[in-house]
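In what follows, chains are A, B, ... by sequence order, proteins preceding strands, each numbered from 1.
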Amino acid sequence: MMLEKCSFCKKGECIKPVKVEKNHPGKAAAKIRIEADGSYFQINQDGGAQKLEKAKITLNDCLACSGCITSAESVLITQQSHEELYKMLAFNKTAAPNEQKLVVVSVSPQSRASLAARCKMNVLETAKKLTTFLKSLGVHYVFDTTFSRNFSLLESQREFVKRFRKQSEDKKALPMLASACPGWICYAEKTHGSFIIPYISTAKSPQQVMGSLVKGHFAEQQHLTPDQIYHVTVMPCYDKKLEASRPDFFSQEYQTRDVDCVITTGEVLRLLEQEGISLSDVDPAPLDTMFSSITEEELTSHSGGGSGGYLEHIYKYAAKELFGIQVDTIQYKPLKNKDFQEVTLEKDGVVLLQFALAYGFRNIQNLVQKLKRGKSPYHYVEVMACPSGCLNGGGQIKIEGESSKDLLQQVEKLYESLKTEIPEKNQTVNELYEHWLGGMDSEKAAKALHTEYHAVEKTSTGFNIKW
Amino acid sequence: MKEALSLLCRLPAHPDSRCWYLAWSPGGSLLASCGGDRVVRLWGREGPGWACRAVLGEGHQRTVRKVAWSPCGTYLASASFDATTCIWKKQPDGFECVTTLEGHENEVKSVAWAPSGNLLATCSRDKSVWVWEVDEEEEYECVSVLNSHTQDVKHVVWHPNQELLASASYDDTVKLYHEEEDDWVCCATLEGHESTVWSVAFDGSGERLASCSDDKTVRIWRRYKPGNEEGVACSGTDPTWKCVCNLSGFHTRTIYDVAWCHLTGALATACGDDAIRVFEESSPAAPQQPTFSLAAHVARAHSQDVNCVAWNPKEPGLLASCSDDGEIAFWKYQRPEVC
């Protein structure tokens, strides 16, 4: 892997080591000459020079590396973009029937709200018109990850109660930390590794639960193998692309990912622009109800904010299960800043549950440092990498001339305009637990709905630089 | 002819390694030094010379790059290539490491205390600048992580009396930050240098900033508030900073440090050509176009790169310097009659 000009360099001579593939074992190490323009030449034994290619960093290299010196902007995310979706749709048009893939797009409610704000429509209209648009391109089904989020919420709340009950035997049972945000997960694995991993909930994110649903249950229903489905998700951030590429979400058996391609809300807008289509001009289509959250023609959501509502659902469930207390409204207490808020359940002056929301890097920092010093008072923390949460993700649509604060408020309003539903009450979810997974406590459920984390080993840089 | 800058004393402060940085205690009686030998040393006057009063070891695993005293003089912060910042507290029998700040991904390049004593800033090769807050229980919490620079951040320094922070970077710019609502934001970017900016220093009033660079120049920037008399345009409520002077042609190598004396206004520089130079502003000063002239130049101030120059905050004309050769030198500066 070739590295760029090292910022240690005081005197203008680059002293970084360059790793060169040894094609000829036994021969002497290659000599490298660095030109004034920064290009690298390998000097062969006979004195001839060969210009060396700049190495491209793939997503997985980036995910795995803990000592990356190249700037983030130079990471090439070539495997996942709306261009890739175009390629698949184009392929489908000319492929033989038995080679064609079934294209499924799962849209996140955050992306939908962002599109609604941009196109100046309500959420239901946006969903219906987006369905028409995607299907006009060759997509077969359009689902809503609010549906798969039910599983993430249910699994998280049950996992919390289990952990709470065994906290005296397991020092790392609590605080339980949210697992739906890949930005947080990647940082945690890379920077805090085996210290922090035991605290992280093992429940899969809504994106990945949808992956299991689509490539598992849905594929079976359609009499297809998982690799015959091309599953795309529309997400409010770029880190979801990293999540989809995790080896844990790749089926060795079928050599296919649970989520093949993640496109951001912004990339959907680019798709619309490339097609010359204005979403508001499109006719609405009926929604695909199979894996969407619709009751009586109405789209539903979950309470607890734009990042999924993990804190609220776990809190209410735990209050009931552990203490028999029914909680209807939750009082948030903002701390140092608006992205760090506390919720406390007290009875007769005793604190029963203490939960927190920690959004944004600075708050995550403080949380982890407190945890390391044994000074964290929380039982559960909903950790999200983006300040203001998922509605403010890096892949959401920005509007020229509008303040990002105003825009965020609009998106929040649209997101919250839907009726909320309690996961336990969703009939389809209950049926799937029964018929697809063989019960809530089955092994199949554990495998389909939970995941693992892996500490990234810090490579010693071996530079021995004295600067 | 009397020399403007004369050597008082030389010390082998960090044997067999570089001495990276120096910081005078607020009272002016102690000088902290740090180096490649991973320790911080404190020096105090002893007769005509200086002696080592304390060694702060076992704090860091790698080079200590910078040290900074809290305004009250009770705490000393040390920034290290081991990615941590140690906070040392003065105790009756010496200094003790009371906290280690973690979080930067790699080498911490600088640390600085705000004039209030409640805030601390650190910066790193990871391109970020962090602002930390310390509470009554001496607990440090990260208040903001600023990712404005696009490259290694070399130095951070606070305005002398406001909560305004300046940073210098390998990306050739100087950036300024202040608090807005519940977060810190970058409120100005000073462009002009053609290479790495290694250090910045505010003048005593805080209306001007000096920056030094690998491009061998020192630039003086002046703050213009909105509605200023000179008609300099400002966007919104933020002041604009304009470059009002460019000292070029004086240094033959990278300039690693610049120090602006708050007592006398003299500007000292530490250079990769082993020299120390002192500049004085010609008076009467024309604020929009100040001119600085070279008042003193010691060509071989050290036997290797000079990394830092520091004016004593209480004793006018007392300057300390340190070098890659591991030595600290003390100088007496007297403004020459004719500049």
Side chain, backbone, both or neither: which part of B:D126 has a heavy atom under 4.5 Å from chain A? neither
Identified side chain to side chain donor-acceptor pair (under 3.5 Å) counterpart of B:H251 within the set B:T269, B:D215, B:D273: B:T269
Please output the residues of residues 356-370 of chain A in contact with chain B, using a heavy-atom cutoff of under 4.5 Å, in numerical order. A:F361, A:R362, A:Q365, A:N366, A:Q369, A:K370
Mind checking whether B:Y21 and B:H155 have parallel, tilted or perpendicular rings, split at 30° and 60°? tilted
Inter- and intrachain pairs under salt bridge (Lys or Arg N to Asp or Glu O under 4.0 Å), touching residues 399-412 of chain A, at least two apart: A:K405-B:E181
Using the benzene-type ring in the case of Trp, are the ring centres of B:Y140 and B:W132 under 6.0 Å apart? no
Could you check whether the rings of B:W130 and B:H104 sit parallel, tilted or perpendicular, using 30° and 60° as the cut-offs? tilted
Please classify the contact between B:V143 and chain A as side chain, backbone, both or neither, with a heavy-atom cut-off of under 4.5 Å. both
Backbone N/O of A:I397 and side chain of A:S114: donor-acceptor pair under 3.5 Å: yes
Would you say that B:D16 contacts B:D37 through its side chain, given a criterion of any heavy-atom pair below 4.5 Å between the two side chains? no
Per-residue tally against chain B (heavy atom, under 4.5 Å) across A:K336, A:K372, A:R373, A:K375 peaks at A:K336
